[in-house]
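See below for the structure under consideration.
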Amino acid sequence: LLPGLVAAADATVLMNDLERAARILPHLQPYGGWWATFDVGTFGPVDLSLARLHHLLGDRARARETARRGLRSCAVTRAPVFTPALAELAAGSLPSSRSTT
């Protein structure tokens, strides 16, 4: 279920769909600090998707705070592939795609 929510959140951001972002955010928020994993892989830290949603909805302070939490999580888990997108969000800008590089 969680990977599906993350995929839906990321698609919503790509489509710039404010209405869906507002509907998805409360469902995803309880999973802040978690990672969206599936059988053999991961979509990465849920905080990345949460930060994107907050940014899209105009809550830049919450987006930066959430992105910083995601950066700490990446450091602890030694998963630097997600850090560029999180760093952009922590700095206040929205990465242009789901791409992690």
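Numbering of residues begins at 1 and proceeds along the displayed sequence.
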- Item | Expected output: side-chain D47 to main-chain G33 donor-acceptor under 3.5 Å | yes
- In Å and rounded to the nearest 0.5 Å, what is the OG1 to CZ distance from T77 to R72? 12.5 Å
- Item | Nearest-0.5 Å distance, CD1 of residue I24 to CD of residue Q29 | 12.5 Å
- Which atom pair, heavy atoms only, marks the closest approach of L5 to L28? CB-CD1, 3.9 Å
- Quick one: are P45 and C74 in side-chain contact, heavy atoms under 4.5 Å? yes
- Item | Closest heavy-atom pair and its distance - G32, L50 | CA-CD1, 3.6 Å
- Message: To the closest 0.5 Å, what do you measure between NE2 (H27) and CG (L53)?
- Response: 11.5 Å
- Within a strict 4.5 Å, meaning less than it, do heavy atoms of the T83 and P80 side chains meet? yes
- P30 versus P26, closest heavy-atom pair with distance: CD-O, 3.2 Å
- Straight-line distance of R78 CZ to S73 OG, nearest 0.5 Å: 13.5 Å
- Closest non-hydrogen atom pair, L89 against A51: CD1-CB, 3.8 Å
- All pairs passing side-chain hydrogen bond (donor to acceptor under 3.5 Å, both in side chains) where residues 59-68 contributes a residue, at least two apart: H55-R60
- Query: Given the rule that I, L, V, M, F, W and Y join up when any side-chain heavy atoms are under 4.5 Å apart, are W34 and L71 in one cluster?
  - Reply: yes
- Query: So, T37 side chain and T42 main chain: donor-acceptor pair closer than 3.5 Å or not?
  - Reply: no
- Classify the ring geometry between F82 and W35 as parallel (under 30°), tilted (30 to 60°) or perpendicular (over 60°). perpendicular
- What distance separates R20 CZ from L25 CG, expressed to the nearest 0.5 Å? 15.5 Å
- Task: Check A21 against T12 and note the closest heavy-atom contact, atom names and distance.
- Result: N-CG2, 3.3 Å
- Task: Locate the shortest heavy-atom distance separating S49 from V6; write the atom from each residue and the value.
- Result: OG-CG1, 3.2 Å
- Message: I need the full list of salt bridge (charged side-chain N to carboxylate O under 4.0 Å, His left out) pairs touching residues 29-39, with sequence neighbours left out, sorted by first then second residue.
- Response: none
- Message: Measuring from atom CZ of R52 to atom CG of L14, what distance do you get when rounded to the nearest 0.5 angstrom?
- Response: 7.5 Å
- Treating Ile, Leu, Val, Met, Phe, Trp and Tyr as nodes and any side-chain heavy-atom pair under 4.5 angstrom as an edge, say whether V13 and L18 lie in one connected cluster. yes
